[in-house]
Amino acid sequence: MKLVETTRRHWQPLRTDIVSKFNALWSNPELGNMEFAASGILCDWLEEHDFKVERGVCGLPTAFRAEAGEGGPAIALLAEYDALPGTDNAAVAHRSGTGRAAGHACGHNLIGPANCGAAIAAALAAREAGLAGRVVVLGTPSEEIVWGKIAMLGLGAFEGIDAILTSHGDYQNGAISRPCQSVMNGEIVFLGESGHGGGTRRRNALDAAELAVQSLERLRAHHFPDASLEHVLRVAGHIPNVTPDEARLWFTARHADFERAKAVFDFAIGVAGQAAEMTGVAFRHQFIAGTRGYLPNDTLAQALHSALELVGPPRWTGEGRDFMRALAKACRPEGDFTLDDGIRLHTEGLDPYGQDDGEASWRIPLGRVNWAFPEQVPLHNWALTALSGHEASHPGPLMASEALAIAAVRLLADPAVIETAKAELTGRVGGKALGEPAFGALETMRHRPGSFWNASWVE
Ligand SMILES: [Zn+2]
């Protein structure tokens with residue numbers, strides 16, 4: 001219990017800093033691989049607390065690796081800090097955004113500071129207690145396109161890490177040991193020929209893209225009824241009287257099983273190729289990244305659950321609840337207001353989303369804490385941007401931060417738990433060959449990430 005007290009004593013004074021960084025990141029939402037301000041703020045903060053920080057690790061300008069302590073084991077906390085396009089909003093209980101700018105609609109402005117705060121407290125407590133081992137922070141950009149951690153895994157940034165701890169907002173409080181979807185993600189570029197839209201119909205890139213979309217959804221329903229394919233058309237022409245000479249179809253395949261997600265993805269590229277052929281346009285596929293869903297780890301989930309029980313559920317204020325109630329009403333006028341205010345260990349079910357730390361969880365034991373948002377406020381919606389900029393959202397990630405710090409220190413004090421977690425991972429993977437982490441777009445993300453986001457990238 002002494003270790004827990006020491007850790008909490010170090011965590012408490014960091015609370016103000018954590019909250020100020022929640023707000024600093026929220027006020028300046030940055031898209032994936034362009035999180036220059038956010039990663040800088042977190043690196044500076046870690047350096048102030050004697051972490052050795054390597055900025056721009058793996059040649060990725062907004063990635064970093066920070067370390068405190070000596071020897072093994074090494075516990076890594078993951079910092080995420082990217083925003084989502086088209087989800088801007090003020091921190092108010094009604095829609096005020098343009099839908100054209102970026103916003104923190106997944107609350108990653110909360111994850112980076114909460115997890116870094118946990119690492120700082122854990123490092124201070126471990127030093128005071130004279131524990132061997134290292135606390136590491138991996139600054140992982142561009143989570144929203146499931147890219148950053150995949151690239152960093154492939155480029156060696158996770159080397160020497162024995163266990164990973166992280167957190168995310170969701171609709172429940174507690175440690176998570178359940179799978180989520182695997183994701184494959186790429187963009188197809190159709191290239192035709194422009195001309196007067198009123199004249200002879202030329203090789204129309206938009207025709208190819210639309211034909212591909214229609215065929216894909218119909219065929220997916222037959223061949224892969226248990227998978228999902230989502231898409232956007234990022235480039236689809238400018239004006240009806242100029243035949244579009246370029247169309248860009250960005251699509252994502254999801255399935256619980258990674259091999260199945262890859263099969264859907266390959267199928268989609270094949271169909272797109274046929275659509276291009278039928279319409280006489282050229283076609284190119286640019287791979288972004290793919291990730292496995294979470295590999296559950298009961299050992300680490302149990303370690304986190306026991307830390308969460310000491311910390312207790314999020315301490316929402318009356319004003320905070322009022323704000324969330326108003327936001328819930330704005331999103332679902334007919335619905336009730338439901339907010340999980342307990343703590344449980346979640347082991348059942350399958351989460352509908354995919355995240356890039358899923359791939360890491362198959363290679364290094366990973367434990368995750370979730371905190372709850374109101375059920376009526378959808379993730380990736382303007383309302384979540386509003387919430388993550390309001391103090392009503394702070395108690396959840398603060399709970400996670402303190403619990404992560406306690407769990408990290410306990411793991412350093414009792415490395416046998418890490419060995420058990422590793423053995424559990426080995427047992428669950430069952431000798432399956434995982435292959436290299438799947439990602440593309442490296443040159444784009446290193447040198448011209450803006451071209452990715454304005455849909456002009458060529459890899
Ligand atoms: Zn997220």
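Residue numbers start at 1 and run along the sequence shown. As the structure lists them, so they are numbered: ligands from 1, and atoms in each ligand from 1.
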Could you list the donor-acceptor pairs under 3.5 angstrom formed between side-chain atoms of residues 99-106 and any protein atom two or more places apart in sequence or on another chain?
{"unit_1": "His104", "atom_1": "ND1", "unit_2": "Asn109", "atom_2": "N", "d": "3.4"}
{"unit_1": "His104", "atom_1": "NE2", "unit_2": "Leu25", "atom_2": "O", "d": "3.4"}

*asked:* Donor-acceptor pair, distance only, cut-off 3.5 Å: does the side chain of Thr62 make one with the backbone of Pro141?
replied: no
*Return the set of residues passing salt bridge (charged side-chain N to carboxylate O under 4.0 Å, His left out) with Asp44 (not counting sequence neighbours), or none when no residue passes.*
Arg55
_Inside 2.8 Å of the Zn ion (ligand 1) but strictly below it, how many protein N/O/S atoms are present?_
3
*Is it true that the side chains of Ser401 and Arg15 contain a donor and an acceptor less than 3.5 Å apart?*
no
*Those residues that, when tested against Arg234, pass salt bridge (charged side-chain N to carboxylate O under 4.0 Å, His left out) (two or more places apart)*: Glu187
*Would you mind checking if Lys422 and Glu424 are paired as a salt bridge, meaning a charged N to carboxylate O distance below 4.0 Å?*
no
